[in-house]
Protein chains: 2
Amino acid sequence: MAMNVRTLCLGILTFREASGYELKKEIEDGSFSHFIDASYGSIYPALTQMNAEGLLTVRSEEQAGRPDKKVYAITDQGRTVLAKSLAVLPAKDKFKSEFLFEMLMQHFISKDHMDEAIDKQHADLLEDLAHIAQKRDRVCEVGSKFVMGYADSVLRAAVNYLEAQCPRLKKPKAKAAE
Amino acid sequence: MAMNVRTLCLGILTFREASGYELKKEIEDGSFSHFIDASYGSIYPALTQMNAEGLLTVRSEEQAGRPDKKVYAITDQGRTVLAKSLAVLPAKDKFKSEFLFEMLMQHFISKDHMDEAIDKQHADLLEDLAHIAQKRDRVCEVGSKFVMGYADSVLRAAVNYLEAQCPRLKKPKAKAAE
DNA sequence: TGATGCATGTAATCCGTTACATGATTCA
DNA sequence: TGAATCATGTAACGGATTACATGCATCA
């Protein structure tokens, strides 16, 4: 399905026009943050290139004190290209976890380090859950709701598993929304 | 934490010595399969390089009809390097999902295609779960058990969410191990 | 005064995949 | 006979990250 920065930007731009900077924020903060990454170093060149190819239009917004903001919008040609990408069935999910690798290496690392790693994982998961809880009732798009619900379920399962396996992690009240 | 093919190979080689071919199998079939990927094109050069650096030793096993099998073993120096990698706390998990991207694009794709994507995701998840169920009681390492349990929880949560959101996916009996 | 946010971009580099190249054995 | 499994490797290419480069505004 060719899920690269190009496709990602085209996708976001079907919701609203945006600058490179805003796209980055959307990717690391919005519904997208749960299953993708992208840095400025890939976003800006992708936008320039797609503009040259006619998939996007640009408009320069002048701003006091700041450099011009380049607002991109998707064209019909861009929509066609995106549609073609989306037409291919999605590849299997890919999950990369240094944490789980460390857990496999239990025979090789100290108990202390393990505990630290587990604490960090636990904290990371809770942070993600908090992030979702905070945004969840503010979104209205069906897609976003679905994705946030999915992420929420999965993260919650991970937290529960961790807490069950490591009683050391105090369950703080639990019970909120089952 | 530098979780690349090198670290991964070193890690596996702390369990047992192995050839590049066997490492690949372990990565795509063993406990590692749930959170990492690697192709021959990255494994073989990594082994050659690490051997040259003194992190591994090689032994050629002659075989009838087949090319020699090169069996690699980790050295003390290799263990030191691995330990240094593992000493850094694991980075946050990274999850890449074309499926969730498609779900976000609901306003842009046909109902039919959505259904196909959901079916595929459902099937992928079930396949992974089956794979775990089949291997689970055969493993004995604590690390493997932990990781399989983690993967199982998360995958099951995803399946449950999907089935709850899309009643079209017939729950087949359910009830097996809650 | 110093961090953070707004705003854009390039170049070097890394890391990995895909496709290619080869070839015997075994099973259906 | 053709697919799958065993077995190793290289070369071309792709895709993205990191670090660099710049600079004003705002807030603490």
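Here the structure is a predicted model, which is why all the values come from computation and not from measurement. Just so it is clear: chains get the letters A, B, ... in the order the sequence lines come, proteins before strands, and each one is counted from 1.
By the side chain to side chain donor-acceptor pair (under 3.5 Å) test, A:Asp37 pairs with no residue at all, sequence neighbours left out. Under the rule for a ring-ring contact (aromatic ring centres under 6.0 Å, His included), A:Phe108 has no partner lying at least two apart in sequence or in another chain. The side chain to side chain donor-acceptor pair (under 3.5 Å) test applied to B:Glu28 returns B:Lys24, not counting sequence neighbours. With sequence neighbours left out, B:Phe95 forms a ring-ring contact (aromatic ring centres under 6.0 Å, His included) with no residue at all. Partners of B:Asp137 by side chain to side chain donor-acceptor pair (under 3.5 Å), not counting sequence neighbours: none found. In terms of the side chain to side chain donor-acceptor pair (under 3.5 Å) criterion, A:Lys94 has no residue partners (sequence neighbours excluded). Not counting sequence neighbours, B:Phe32 has no partner by the ring-ring contact (aromatic ring centres under 6.0 Å, His included) test.
In this structure, A:Leu23 places its CG atom 12 Å from P of C:dG9, rounding to the nearest Å. Atom pair A:Leu47:CG and D:dA16:P shows a separation of 13 Å (rounding to whole Å applied). In this structure, the OH atom of B:Tyr44 is 17 Å from the P atom of C:dG16, given to the nearest Å. Taking atom CG on B:Asp68 and atom P on C:dT25, their separation rounds to 14 Å, with Å as the unit. Put simply, NZ on A:Lys24 is 14 Å from C1' on C:dT4, counting in whole angstrom units. A straight line from CD of B:Glu62 to P of D:dC6 spans 20 Å, rounded to a whole angstrom. Between the CG atom of B:Asn51 and the P atom of D:dG9 there is a distance of 10 Å, rounded to whole Å. Straight-line distance from the CD atom of B:Glu28 to the P atom of C:dG16: 16 Å, rounded to whole Å.
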Please write out each protein N/O paired with an N/O of nucleotides 17-20 of chain C under 3.5 Å, distance rounded to 0.1 Å.
unit_1	atom_1	unit_2	atom_2	d
C:dT17	OP2	B:Ser39	N	3.1
C:dT17	OP2	B:Ser39	OG	2.7
C:dT17	OP2	B:Ser42	OG	3.1

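No side-chain donor-acceptor contact under 3.5 Å links B:Tyr161 to the backbone of B:Arg156.
For DNA chain D, no neighbouring residue in residues 80-98 of chain B is found when judged by any heavy atom under 4.0 Å.
Where A:Pro45 and A:Lys69 meet DNA chain C, the nucleotide closest to each residue was compared, and A:Lys69 sits on the side nearer the 5' end. Comparing A:Asn4 and B:Lys70 along DNA chain D, the residue whose closest nucleotide (by nearest heavy atom) sits nearer the 5' end is B:Lys70.
Using a 4.5 Å heavy-atom cutoff, the side chains of A:Met103 and A:Ser97 are not in contact.
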Please tabulate, for the side chains in residues 44-52 of chain B, all donor-acceptor contacts under 3.5 angstrom to protein atoms that are two or more places apart in sequence or on a different chain.
unit_1	atom_1	unit_2	atom_2	d
B:Thr48	OG1	B:Tyr44	O	2.9
B:Gln49	NE2	B:Glu53	OE2	2.9

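For the pair B:Tyr21 and D:dT8, the criterion of a side-chain N or O lying under 4.0 Å from OP1 or OP2 is not met.
Between the two ends of the helix from C:dT1-D:dA28 to C:dA28-D:dT1, each summarised by a five-pair axis, the helix axis turns through 50° (rounded to 10 degrees).
At the heavy-atom level, B:Thr48 lies nowhere under 4.0 Å from the strands shown.
Closest approach to the A:Gln63 side chain among C:dA7, D:dG9, C:dG16 is made by C:dA7 (side chain taken as heavy atoms from C-beta onward).
Every pair passing side-chain hydrogen bond (donor to acceptor under 3.5 Å, both in side chains) that includes a residue from residues 7-17 of chain B is listed here, sequence neighbours excluded: A:His107-B:Thr14, B:Asn4-B:Thr7, B:Arg16-B:Glu26, B:Glu17-B:Arg59.
For A:Leu104 against B:Phe15, the heavy-atom pair with the smallest separation is O-CZ, 3.3 Å.
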